[in-house]
Number of protein chains: 2
Amino acid sequence: MQNIEQMLVEHGVRPTIHRIHIARYILGEADHPTADEVLDWANQNLSKISRATVYNTLRELTQAGLIREFRFPQVSRTVYDKNTENHFHFYDQASDSFMDLNADSVKVDIQLPPSFKVNCVDILVSGNCSQ
Amino acid sequence: MQNIEQMLVEHGVRPTIHRIHIARYILGEADHPTADEVLDWANQNLSKISRATVYNTLRELTQAGLIREFRFPQVSRTVYDKNTENHFHFYDQASDSFMDLNADSVKVDIQLPPSFKVNCVDILVSGNCSQ
DNA sequence: ATATTTGCAAAGCCTTTGCAGGGGA
DNA sequence: TCCCCTGCAAAGGCTTTGCAAATAT
């Protein structure tokens with residue numbers, strides 16, 4: 001992965017220490033973490049950090065387009081995704097975790113009256129993957 | 001619409017007065033109401049009713065299969081739907097309201113590894129309909 | 001008599017906000 | 001200096017829960 005600090009700057013985000021670490025975590029090892037998981041991780045691996053800062057940072061990074069925010073029908077929490085491409089998700093009910101489905105693997109054809117203008121399509125496939 | 005009381009009984013729900021009224025409202029005039037809308041409606045049209053009873057009733061009716069519960073990525077509240085068939089939703093961002101898309105108007109083809117078992121697919125199409 | 005339903009208030013979960021203090025440009 | 005960032009605690013939106021009182025079987 002390229003230099004995180006530089007990425008932040010390129011996206012117009014001031015690279016504070018917290019932002020760098022959180023960005024590195026989400027863009028790297030984390031897999032669809034929630035705000036709470038980010039907080040826990042930060043508290044274990046960095047100095048103590050406040051909940052508000054985590055939420056602020058996640059909002060910053062999302063607005064900057066570095067990560068994406070997803071909320072799902074089945075699950076109350078918001079998750080953050082390093083994948084900013086157009087894609088969908090598979091929710092594994094057994095492990096309570098999410099996987100990306102890239103846009104190519106999902107074909108959707110929606111018939112709508114011509115007056116309907118579509119801005120986005122959210123798809124969540126739920127089930128089990130016995131990997 | 002057929003007799004509501006009878007429908008409740010057939011679905012194993014004791015037909016209390018609140019349940020009958022709420023079921024009639026959701027199965028009839030209401031359009032994807034939230035718990036709060038049901039509460040407001042009940043307080044205007046019935047005797048006062050508590051929030052807990054509304055939530056309890058909505059849970060009962062949902063579990064009985066008389067209505068369905070939907071939660072969407074874009075919107076925090078849960079909505080209740082008289083349509084219990086397999087279907088998807090269109091979210092009109094301008095009016096902040098939902099419309100049903102019947103399953104026929106949405107074709108989805110999802111390529112998954114064979115070990116994946118799909119239980120359900122949630123789709124929300126967001127945009128504007130200038131009707 | 002017994003089980004169910006209801007109302008109320010409190011708590012819970014997740015997220016946002018207000019404000020004061022601290023640190024970097 | 002000045003502005004932005006951070007932390008803390010409080011509040012906010014929505015939903016659930018605990019418990020006692022009312023109601024139905």
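Between the side chains of B:D104 and A:Q111, not a single donor N or O lies within less than 3.5 Å of an accepting N or O. A donor and an acceptor atom, one from each side chain of A:H87 and A:D81, are located under 3.5 Å apart.
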Dump every N/O contact between nucleotides 13-15 of chain C and the protein below 3.5 Å, one line per pair.
residue : atom : partner : partner atom : Å
C:dT15  : OP1  : A:T78   : N            : 3.0
C:dT15  : OP1  : A:T78   : OG1          : 2.6
C:dT15  : OP2  : A:Y55   : OH           : 2.6
C:dT15  : O5'  : A:Y55   : OH           : 3.4

Given Watson-Crick and G-U pairs under 3.5 Å, DNA chain D in dot-bracket ([ ] crossing, | other strand) is |||||||||||||||||||||||||
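Aromatic ring centroids of B:F98 and B:F72 lie under 6.0 Å apart.
Remark: B:T16 is in phosphate contact with C:dT6, judged by side-chain N or O atoms under 4.0 Å from OP1 or OP2. Contact check, A:H18 against D:dT6: a side-chain N or O comes under 4.0 Å of OP1 or OP2. Close to C:dT6, at under 4.0 Å from its OP1 or OP2, lies no side-chain N or O of B:T53.
In this structure, B:D100 does not pair ionically with B:K82, as no charged nitrogen and carboxylate oxygen lie closer than 4.0 Å. A salt bridge is absent between B:D122 and B:R71: the closest approach of a Lys/Arg side-chain nitrogen to an acidic carboxylate oxygen does not fall below 4.0 angstrom.
If you check C:dT5, D:dC4, D:dA9 against the side chain of B:R14, the one that comes closest is C:dT5.
In this structure, B:W41 and B:H21 have tilted ring planes: the angle between them lies in the 30° to 60° band.
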